Trainee: 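First the structure, then my questions, so here it is.
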Amino acid sequence: MHKKHKEVTVSLRLGDEVPDFTQESTEGPISFHDWMGDSWTVLFSHPADFTPVCTTELGMLASLKPEFDKRNVKVIGLSVDPKDSHEKWAKDIAETQGSELNFPLLADADRKVAELYDMIHPGADATTTVRSVFVIDPKKKLRLTLTYPAPTGRNFDELLRVIDSLQLTDNEKVATPANWKDGDDVVILPSISNEDADKLFPKGYKELKPYLRMTPQPNK
Ligand code: BEZ
């Protein structure tokens with residue numbers, strides 16, 4: 001949980017249950033934990049409405065929505081601007097990016113959520129949020145955080161890649177190597193003996209070192 005200790009904000013850590021909140025959005029008030037339900041969730045912040053990089057990011061996410069749906073992932077954005085501003089900006093996103101906003105944008109004008117999730121980094125900017133990403137699993141546990149600076153738009157394909165890895169490695173005794181993408185070979189967890197690996201991985205595996213054994217992705 002997010003805690004304050006002697007005025008020092010402690011950031012959320014992987015494995016923590018994410019804090020709940022209720023906040024206004026472009027799709028009406030959202031009670032976060034209820035809204036997430038049994039889905040995975042991507043919560044992301046962007047610095048401000050009517051800014052160029054954010055416009056491209058929201059358009060890109062809207063066009064990738066079917067990819068998130070396929071993985072049972074809900075998407076929700078945030079900026080510290082009011083709902084009427086978000087609604088006006090949404091028209092620009094549709095016009096310039098060719099995709100209508102198809103997920104809610106939190107209208108966090110009072111910064112309630114931005115502060116709860118430590119999205120404002122005063123050393124970078126005292127008033128707007130950095131580009132934070134939180135990937136949250138169906139048990140409401142934080143599984144990934146990314147923090148990008150304001151001038152650098154995020155790569156949302158990377159987000160899908162990590163979600164593929166998390167969903168695979170939650171279910172199989174494997175981990176995913178550098179630059180892995182869905183369908184590539186994976187590594188067998190070092191805690192699995194060769195005897196168990198023989199049973200668990202019927203497609204076989206290549207032992208490069210006792211701790212480095214490659215096998216075809218088991219769920220393909
Ligand atoms: C933006 O478009 O969000 C942006 C661009 C440059 C600096 C900061 C933000």
Side-chain angles (χ1 to χ4, degrees), residues 2 8-14 18-19 21-30 32 35-36 40-69 71 73-136 142-163:
H2 186 84
V8 176
T9 302
V10 178
S11 300
L12 279 169
R13 290 182 172 167
L14 300 190
V18 296
F21 58 81
T22 300
Q23 184 58 292
E24 189 54 87
S25 85
T26 48
E27 297 185 7
I30 284 187
F32 191 50
W35 178 85
M36 287 192 275
W40 288 71
T41 298
V42 171
L43 166 66
F44 69 98
S45 60
H46 54 87
D49 293 0
F50 301 101
T51 49
V53 175
C54 302
T55 303
T56 62
E57 286 193 322
L58 269 66
M60 178 57 69
L61 267 172
S63 71
L64 285 173
K65 176 90 171 359
E67 291 299 320
F68 287 95
D69 289 345
R71 293 161 173 83
V73 182
K74 287 184 166 182
V75 174
I76 184 165
L78 171 149
S79 74
V80 289
D81 288 308
K83 180 175 173 170
D84 62 340
S85 162
H86 286 355
E87 285 167 350
K88 284 187 202 126
W89 184 38
K91 293 186 187 131
D92 290 358
I93 294 168
E95 181 191 325
T96 62
Q97 307 302 305
S99 297
E100 298 264 352
L101 213 55
N102 48 16
F103 52 86
L105 264 190
L106 293 165
D108 197 40
D110 62 3
R111 304 190 196 177
K112 179 164 75 178
V113 181
E115 284 172 11
L116 192 60
Y117 278 74
D118 196 22
M119 293 166 166
I120 296 174
H121 298 191
D125 189 301
T127 54
T128 60
T129 53
V130 290
R131 296 186 196 282
S132 298
V133 181
F134 300 88
V135 175
I136 304 158
L142 182 63
R143 302 298 299 277
L144 170 84
T145 59
L146 293 173
T147 307
Y148 274 49
T152 308
R154 285 158 285 199
N155 181 331
F156 294 102
D157 291 332
E158 166 62 2
L159 213 47
L160 289 166
R161 190 190 75 85
V162 177
I163 290 166

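Just so we're clear, the structure is a prediction, and the values are computed from it rather than from any experiment. First listed ligand is number 1; within each ligand, the first listed atom is number 1.
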Trainee: Report yes or no: does Thr55 contribute a side-chain atom to a donor-acceptor pair with the main-chain N or O of Phe50 at less than 3.5 Å?
Mentor: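 Checking the backbone N and O of Phe50 against the side chain of Thr55, no donor-acceptor pair under 3.5 Å is found.
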Trainee: Which of the numbered atoms in ligand 1 are under 4.0 angstrom from any heavy atom belonging to Val53?
Mentor: 1 (C), 2 (O), 3 (O), 5 (C)
Trainee: Say whether Ala150, considering both its backbone and side-chain N or O atoms, lies within less than 3.5 Å of an N or O atom on ligand 1.
Mentor: no
Trainee: Considering residues at least two apart in sequence or located in another chain, which fulfil the side-chain contact (heavy atoms from CB on, under 4.5 Å) criterion with Lys91?
Mentor: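 Lys91 satisfies side-chain contact (heavy atoms from CB on, under 4.5 Å) with no other residue.
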Trainee: Please table the atom pairs, donor to acceptor, closer than 3.5 Å between any side-chain atom in residues 95-105 and protein atoms at least two apart or in another chain.
Mentor:
| from | atom 1 | to | atom 2 | distance (Å) |
| --- | --- | --- | --- | --- |
| Thr96 | OG1 | Asp92 | O | 2.9 |
| Asn102 | ND2 | Ala62 | O | 2.9 |

Trainee: Any idea which atoms of ligand 1 are less than 4.0 Å away from a heavy-atom of Cys54?
Mentor: 2 (O), 3 (O)
Trainee: For atom 3 (O) of ligand 1, find the nearest protein heavy atom and state the residue, atom name and distance (0.1 Å precision).
Mentor: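 Scanning the protein heavy atoms, the shortest distance from atom 3 (O) of ligand 1 goes to Arg131 NH2, 2.8 Å.
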Trainee: Between the main-chain N or O of Ser45 and the side-chain N or O of Ser132, is there a donor-acceptor pair closer than 3.5 Å?
Mentor: no
Trainee: With rounding to the nearest 0.5 Å, note down the distance linking CD1 in Ile136 to CZ in Phe32.
Mentor: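 Rounded to the nearest 0.5 Å, the CD1-CZ separation comes to 4.0 Å.
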Trainee: If you have a sec, work out which protein heavy atom is nearest atom 6 (C) of ligand 1 and how many Å separate them, to one decimal?
Mentor: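 The answer is Pro151 CA, 4.1 Å.
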